[in-house]
Amino acid sequence: MIHHSNNHIQSLLRSLPVDDVEIQDTVSEYNVLVKGEWKTAGSNNHIDFWTEVVLDDLSNGVFPRFKNISSFAIASRLPFSNASVERAF
């Protein structure tokens, strides 16, 4: 798992349509998430990682503990539309 500074995370979040409360909540979740000992953190398999996080939350009765940061992570992994490429044809 790649660790970013809080400033880096905040600047990425400020480019999105989210308010200051959501940014602070997301940074707080990130700070908790990076302190966890996740078995799949070293792999590049994001599905396995987030599955481990969700299952850990479910087993500890704290679901959803990382709602904001997981949404941000998923959104940042989605491919951009290829509409501009299609318009070229």
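One-based numbering along the sequence shown.
Contact of the H8 side chain with the L12 side chain is registered, since non-hydrogen atoms from C-beta on lie closer than 4.5 Å. Contact of the R14 side chain with the D20 side chain is registered, since non-hydrogen atoms from C-beta on lie closer than 4.5 Å.
Considering every non-hydrogen atom in both Q10 and Q24, the closest pair reads NE2-NE2, 3.6 Å. Minimum heavy-atom separation, E37 to E52: O-OE2, 4.4 Å. Considering every non-hydrogen atom in both W38 and R65, the closest pair reads CH2-NH2, 3.8 Å. Heavy atoms only, all atoms of each residue included: D48 and T40 are closest at O-OG1, 3.7 Å. Counting all heavy atoms, side chain and backbone alike, L13 lies closest to V18 at O-CG2, 3.4 Å. In plain terms, the two heavy atoms of N31 and V34 that are nearest each other are O-CG2, 3.5 Å.
Rounding to the nearest 0.5 Å gives a distance of 4.5 Å between CG of L33 and CZ of F66. Taking CD of E22 as the reference point, atom CD of E29 lies at 10.5 Å (rounded to 0.5 Å). In this structure, CG on N6 lies 12.0 Å from CD1 on I23, to the nearest 0.5 angstrom. Atoms OG and CG, on S70 and D57 in that order, are 9.0 Å from each other to the nearest 0.5 Å. The distance from atom CG of D25 to atom CD1 of I69, rounded to the nearest 0.5 Å, is 11.0 Å.
The number of heavy-atom neighbours closer than 6.0 Å to CG of N44, taken from other residues, nucleotides and ligands shown, is 12 or below.
Formation of a donor-acceptor pair under 3.5 Å by the N60 side chain with backbone atoms of V62 is not found in this model.
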